[in-house]
J.: 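Pasting a structure below so you can have a look.
Everything quoted here is computed from the prediction, not taken from an experiment.
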Amino acid sequence: DHNISLESMGVTVNAVAGALKAFFADLPDPLIPYSLHQELLETSKILDKTERLHELKEIVKKFHPVNYDVFKYVITHLNRVSQQYKTNFMTADNLSICFWPTLMRPDFENREFLSTTKIHQSVIETFIQQCQFFF
């Protein structure tokens, strides 16, 4: 309901972001399916930016339709937030740092995974920056 004013209800931006992150943490599977994580890593190694973007778009098309719709909504919203970075200091880079673990739910116990955290974060940053291309 776009007529609800969270500000007038005394709900802070941090509370909303925390609730959103908690919602994704409680899902049985991450929004970005584990089955696509390796493919995202491989695609991020493509040096040609245009080719990389097209390959990422193909991966997004593999999402379950519900995951796709939610991902589109979240990424589009994060893009709008990033456009206000002069006021909120939340660039696409900052947002991707905050939200990539929420969207991908990594196994931080896995040493191999720890070496790829920056790559995963940069993939989410690309989705935020280029959301008009993906959706």
Side-chain angles (χ1 to χ4, degrees):
D1 182 352
H2 295 282
N3 296 318
I4 293 176
S5 170
L6 296 174
E7 187 176 32
S8 69
M9 295 169 35
V11 178
T12 66
V13 170
N14 292 343
V16 174
L20 181 66
K21 291 172 97 173
F23 168 79
F24 285 117
D26 287 343
L27 292 176
D29 297 306
L31 185 62
I32 299 174
Y34 288 127
S35 61
L36 297 176
H37 287 197
Q38 189 60 40
E39 221 174 317
L40 288 169
L41 282 176
E42 294 303 317
T43 300
S44 70
K45 296 175 186 176
I46 298 172
L47 298 178
D48 181 75
K49 181 181 177 181
T50 303
E51 182 183 349
R52 185 173 58 249
L53 288 174
H54 283 284
E55 289 298 319
L56 287 172
K57 190 172 192 171
E58 291 304 311
I59 294 171
V60 172
K61 289 178 183 178
K62 296 177 183 180
F63 283 27
H64 182 279
V66 172
N67 290 49
Y68 177 89
D69 288 343
V70 173
F71 186 67
K72 176 182 176 181
Y73 188 87
V74 169
I75 292 298
T76 301
H77 175 71
L78 293 176
N79 175 269
R80 283 193 308 271
V81 171
S82 74
Q83 291 174 21
Q84 304 300 317
Y85 73 93
K86 289 181 182 174
T87 303
N88 61 27
F89 305 106
M90 295 305 289
T91 61
D93 180 57
N94 290 341
L95 290 164
S96 64
I97 290 168
C98 295
F99 278 94
W100 82 264
T102 301
L103 301 175
M104 299 183 82
R105 202 170 327 135
D107 177 9
F108 286 113
E109 301 297 318
N110 181 340
R111 287 181 186 257
E112 285 182 35
F113 188 86
L114 290 175
S115 68
T116 62
T117 57
K118 179 62 181 160
I119 297 169
H120 284 94
Q121 181 257 317
S122 70
V123 167
I124 299 301
E125 181 180 9
T126 299
F127 285 130
I128 294 169
Q129 290 174 331
Q130 302 294 328
C131 79
Q132 289 81 8
F133 171 78
F134 293 111
F135 310 111

J.: Does H120 form a side chain to side chain contact (heavy atoms under 4.5 Å, CB included) with V123? I'd like the steps, not just the answer.
T.: CA-CA 5 Å; H120 284 94; V123 167; 5.7 Å; no
J.: If you look at every heavy atom in I75 and L103, which pair is closest and at what distance?
T.: CD1-CD1, 4.2 Å
J.: Begin from the C-alpha positions of E55 and I59 and carry the test side chain to side chain contact (heavy atoms under 4.5 Å, CB included) through to its verdict.
T.: CA-CA 6 Å; E55 289 298 319; I59 294 171; 5.5 Å; no
J.: Going from CG on L53 to NZ on K57, what distance comes out if it is rounded to the nearest 0.5 angstrom?
T.: 9.5 Å
J.: Rounded at 0.5 Å granularity, tell me how far NZ in K49 sits from CD in Q130.
T.: 4.5 Å
J.: Apart from V16 itself, what residues make up its hydrophobic cluster, given side-chain heavy atom links below 4.5 Å?
T.: I4, L6, M9, V11
J.: Between F99 and L31, is there a side-chain heavy-atom distance shorter than 4.5 Å?
T.: no
J.: Are F135 and L36 linked, directly or through intermediate hydrophobic residues, by side-chain heavy-atom contacts shorter than 4.5 Å (ILVMFWY only)?
T.: yes
J.: With sequence neighbours excluded, what pairs up with K62 under the salt bridge (charged side-chain N to carboxylate O under 4.0 Å, His left out) test?
T.: E39
J.: So, for N79 and I128, which heavy atoms are closest and what is the spacing to 0.1 Å?
T.: ND2-O, 2.8 Å
J.: Who are the ring-ring contact (aromatic ring centres under 6.0 Å, His included) partners of H54, not counting sequence neighbours?
T.: F133
J.: How close do P30 and N67 get, counting heavy atoms only, and between which atoms?
T.: O-ND2, 3.7 Å
J.: With sequence neighbours excluded, tell me which residues meet side-chain contact (heavy atoms from CB on, under 4.5 Å) with E7.
T.: S5
J.: Taking side chain to side chain donor-acceptor pair (under 3.5 Å) as the test, write out the residues that go with E125, two or more places apart.
T.: Q129
J.: Check L40 against M104 and note the closest heavy-atom contact, atom names and distance.
T.: CD1-CE, 3.9 Å
J.: Which pair of non-hydrogen atoms, one from P106 and one from P101, has the smallest distance, and what is that distance?
T.: CD-O, 3.4 Å
J.: Applying ring-ring contact (aromatic ring centres under 6.0 Å, His included), can you list everything that pairs with F23, at least two apart in sequence or on another chain?
T.: none
J.: Can you pull out every salt bridge (Lys or Arg N to Asp or Glu O under 4.0 Å) where at least one residue sits in residues 20-34? Sequence neighbours excluded, please.
T.: none
J.: Sequence neighbours left out, what passes ring-ring contact (aromatic ring centres under 6.0 Å, His included) with Y73? Give chain and number order.
T.: none
J.: Decide side chain to side chain contact (heavy atoms under 4.5 Å, CB included) for L78 and I124; before the verdict, give the C-alpha distance in whole Å, the side-chain angles of both, and the deciding distance to 0.1 Å.
T.: CA-CA 10 Å; L78 293 176; I124 299 301; 5.5 Å; no
J.: Looking at OG of S82 and CZ of R80, how far apart are the two atoms once the value is rounded to the nearest 0.5 Å?
T.: 10.0 Å
J.: Mind checking what makes side chain to side chain donor-acceptor pair (under 3.5 Å) contact with K72, not counting sequence neighbours?
T.: none
J.: Between Y68 and Y34, is there a shared hydrophobic cluster once you connect ILVMFWY residues whose side-chain heavy atoms come closer than 4.5 Å?
T.: no
J.: Please enumerate all residues that pass ring-ring contact (aromatic ring centres under 6.0 Å, His included) together with F63, with sequence neighbours excluded.
T.: F71
J.: If the condition is salt bridge (charged side-chain N to carboxylate O under 4.0 Å, His left out), which residues does K61 pass it with, not counting sequence neighbours?
T.: E58
J.: If every non-hydrogen atom of E51 is compared with every non-hydrogen atom of D48, which pair is closest and at what distance?
T.: N-OD2, 2.8 Å
J.: For residues 84-94, run the donor-acceptor check on the side chains, cut-off 3.5 Å, and write out each pair with its distance to 0.1 Å, sequence neighbours left out.
T.:
unit_1 : atom_1 : unit_2 : atom_2 : d
N88    : OD1    : M90    : N      : 2.7
N88    : ND2    : V81    : O      : 3.0
T91    : OG1    : D93    : N      : 3.4
T91    : OG1    : N94    : N      : 3.1
D93    : OD1    : Q121   : NE2    : 3.0
N94    : ND2    : F89    : O      : 2.8

